[in-house]
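This report concerns only the one structure given below.
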Amino acid sequence: MSAADTHIPAKVPPPRQAPPPPPEDRRPRGRHTSGGAAVPWLLLAPCLLILALVMGYPLARLVTLSFQKFGQSQLWGFQPAESVGFDNFAKVLGDGEFWTVVLRTVVFATGAVVFTMVIGMALALLLQRVSGWLKVLINIVLVASWGMPVIVATTVFKWLFDSDYGVFNALLSKLPGVDMIGHNWFASGPEGLAVIMLLVVWGAVPFVVITLSAGLTQVPKELEEAARLDGAGSWGVFRYVTLPVLKPIIVMLTTLSVIWDMGVFPQVFVMRGGHPEPEFQVLNTYSYDRAFVVNDYAQGSAIALITVLLLLGVVAVYMRQMLKIGEVE
């Protein structure tokens, strides 16, 4: 027998079969989807419950009082509260003093917001150009000033602008030809509100600076370098590169500043010793004055409700701007 006859042919391995398909998931998909959608609401439930307890009842009571006749007699139970419909709103909206207060509040809030955003943006940009230890030191100072209680800050500003012992008058008097010794900043409404505006700006700037500084870290350095290579200066880089990136943050900060400055109360109330004069009245102090000084709680509630509606309009504008930004992105 030859060697060719003794050769055993190699066995061909059988073809590999495909693995069986995994068993179908027979669980209803609708139940899984609904459970996943309910998880965020379950997590938000404690917060929503606290908000409903803390803000729900006061807001409902505010709305109820604004449609009633409610004074001291009703407060002590000598007379029942009477429903008067929209009479309180008609009296408030027909009062010329109310519109003067609204105009004063809008001007005050506009000035405070503009100065807060401009100064905050300038300081945030400067923080990007200083050394690390100096940036940490400035941030510590900003957080300390931001965390200072409003009553303490107001007391400090009252001392700074005191007519007899004020540091600010003494410093201004050192300028050639300037004599501010004994000058009373609160003798007129515009000067006094300017001091209060400075106090509000001083308390709001740290939050704006810290938030914008965090936003500036997200600006791509490649875009800034490309803009400079294209011949853009510092203003061009800021306008066409930095501002578009910071626009959502700027819109948010501006909206929050408007809400806070439209609702300013303790700065004016404490600065004027608990009795703001008519030329110092803003919406919140005006509502408080009507409710707890004149003892017309219904009219004070109506003024407060109108203020809430004005602020809701600001919130609506904010939501619209954020939706536009989301559509562009």
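If you're wondering where the values come from, they're calculated on a predicted model, not measured in any experiment. Below, each value reflects all heavy atoms present in this structure, side chains not excepted, and no hydrogens, waters or symmetry copies. Position 1 is the first residue of the sequence; numbering continues from there.
- Between the side chains of Trp185 and Asp162, no donor N or O sits under 3.5 Å from an acceptor N or O.
- A continuous path of Ile, Leu, Val, Met, Phe, Trp and Tyr side chains, each step under 4.5 Å between heavy atoms, connects Val201 with Phe168, placing both in one hydrophobic cluster.
- Within 6.0 Å of atom CZ in Phe115, 12 or fewer heavy atoms from other residues, nucleotides or ligands are found, so the atom counts as exposed in its surroundings.
- Asp296 has its side chain out of reach of Phe70: every pair of non-hydrogen atoms, C-beta onward, lies at least 4.5 Å apart.
- Side-chain contact check for Thr254 versus Tyr318: every heavy-atom pair is 4.5 Å or farther apart.
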task: Given salt bridge (charged side-chain N to carboxylate O under 4.0 Å, His left out), test Arg290 with Asp95 step by step and report yes or no.
output: CA-CA 13 Å; Arg290 288 293 177 179; Asp95 188 3; 3.8 Å; yes

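- Atom CE of Met262 sits about 6.5 Å away from atom OG1 of Thr105, to the nearest 0.5 Å.
- Taking both residues in full, the closest heavy atoms of Gly203 and Trp146 are given as O-CD1, 3.6 Å, listed atom of the first, atom of the second, then distance.
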Verdict with reasoning, Leu123 to Ile119, per side chain to side chain contact (heavy atoms under 4.5 Å, CB included)
CA-CA 6 Å; Leu123 291 178; Ile119 296 175; 4.0 Å; yes

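- Nearest heavy atom pair, residue Leu212 against residue Ala124, reads CB-CB, 3.8 Å.
- Within 6.0 Å of atom NZ in Lys135, more than 12 heavy atoms from other residues, nucleotides or ligands are found, so the atom counts as buried in its surroundings.
- Between Tyr286 and Glu97 the shortest side-chain heavy-atom distance falls below 4.5 Å.
- For Trp235 and Tyr240, the ring centers are positioned 6.0 Å apart or more.
- Closest approach of Val270 to Lys158, counting heavy atoms only: O-NZ, 3.9 Å.
- For the atom pair Gln218 CD and Ile249 CD1, the distance stands at 8.0 Å (nearest 0.5 Å).
- A distance-only check finds a donor-acceptor pair linking the side chain of Ser173 to the backbone of Met180 [under 3.5 Å].
- Between Ala170 and Ile181, the shortest heavy-atom distance links the atoms CA-CD1, 4.3 Å.
- Under a hydrophobic-cluster definition in which Ile, Leu, Val, Met, Phe, Trp and Tyr are linked whenever side-chain heavy atoms come within less than 4.5 Å, directly or via other members, Tyr288 and Leu193 are assigned to different clusters.
- Thr285 is not listed as a side-chain neighbour of Phe280, based on a closest heavy-atom distance of 4.5 Å or more.
- Two different hydrophobic clusters hold Leu312 and Leu59 under the rule that ILVMFWY side chains link at heavy-atom gaps under 4.5 Å.
- With rounding to the nearest 0.5 angstrom, the CE atom of Met55 is 11.0 Å from the CG atom of Leu62.
- Results of the side chain to side chain contact (heavy atoms under 4.5 Å, CB included) test with Thr255 over Leu253, Val258, Ile259 single out Ile259 as the only residue that passes.
- The heavy-atom pair separating Ala298 from Gln68 by the smallest distance is CB-O, 2.9 Å.
- The main-chain N or O of Val208 is never found under 3.5 Å from a side-chain atom of Thr211 such that the two would form a donor-acceptor pair.
- For the pair Leu127 and Asn139, the minimum side-chain heavy-atom distance is below 4.5 Å.
- Between Leu160 and Val195 there is no side-chain heavy-atom pair separated by less than 4.5 Å.
- Here the CD1-OG distance, from Ile306 to Ser301, works out to 11.0 Å after rounding to the nearest 0.5 Å.
- Relative to the ring axis of Phe98, Arg104 does not place its NZ or CZ within 45° and under 6.0 Å from the centre.
- Considering only heavy atoms from C-beta on, Phe67 comes within 4.5 Å of Val63 through its side chain.
- Hydrophobic clustering of Ile, Leu, Val, Met, Phe, Trp and Tyr side chains at less than 4.5 Å, counting indirect connections, keeps Trp76 apart from Val294.
- Contacts of Glu222 classified as salt bridge (charged side-chain N to carboxylate O under 4.0 Å, His left out), with partners at least two apart in sequence or in another chain: none.
- Taking all atoms of both residues into account, the shortest heavy-atom contact from Ala227 to Val241 is CB-CG2, 4.0 Å.
- Counting only heavy atoms from C-beta outward, the side chains of Tyr297 and Asn295 approach each other to under 4.5 Å.
- Separation of atoms CG (Leu51) and CG (Leu44) is listed at 10.0 Å; rounding is to 0.5 Å.
- Remark: Leu310 CG to Leu283 CG distance equals 7.0 Å, nearest 0.5 Å.
- Within the 3.5 Å criterion, the main-chain N or O of Gly71 finds a donor-acceptor partner in the side chain of Gln74.
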Go through the steps to decide whether Ile303 and Asn284 satisfy the test side chain to side chain contact (heavy atoms under 4.5 Å, CB included), and finish with yes or no.
CA-CA 8 Å; Ile303 297 172; Asn284 275 4; over 6 Å; no

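- Of the N and O atoms on the side chains of Arg61 and Tyr57, not one donor lies less than 3.5 Å from an acceptor on the other residue.
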Show, in sequence, the C-alpha distance, side-chain angles and deciding distance for Met121 and Phe238, and conclude whether the side chain to side chain contact (heavy atoms under 4.5 Å, CB included) test is met.
CA-CA 11 Å; Met121 179 64 76; Phe238 175 75; 3.9 Å; yes

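- Taken together through direct or relayed side-chain contacts under 4.5 Å among Ile, Leu, Val, Met, Phe, Trp and Tyr, Phe207 and Val113 form part of one hydrophobic cluster.
- Taking Ile, Leu, Val, Met, Phe, Trp and Tyr as hydrophobic and joining them when side-chain heavy atoms fall under 4.5 Å apart, one finds Val118 in a cluster with Val114.
- When atom types are taken as modelled, the side chain of Asn88 and the backbone of Ala302 share no donor-acceptor pair closer than 3.5 angstrom.
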(request) Check the pair Trp260 / Val200 against side chain to side chain contact (heavy atoms under 4.5 Å, CB included), numbers first and verdict last. (result) CA-CA 9 Å; Trp260 292 337; Val200 172; over 6 Å; no

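- Ring centroid separation for the pair Phe186 and Phe161 does not come in under the 6.0 Å cut-off.
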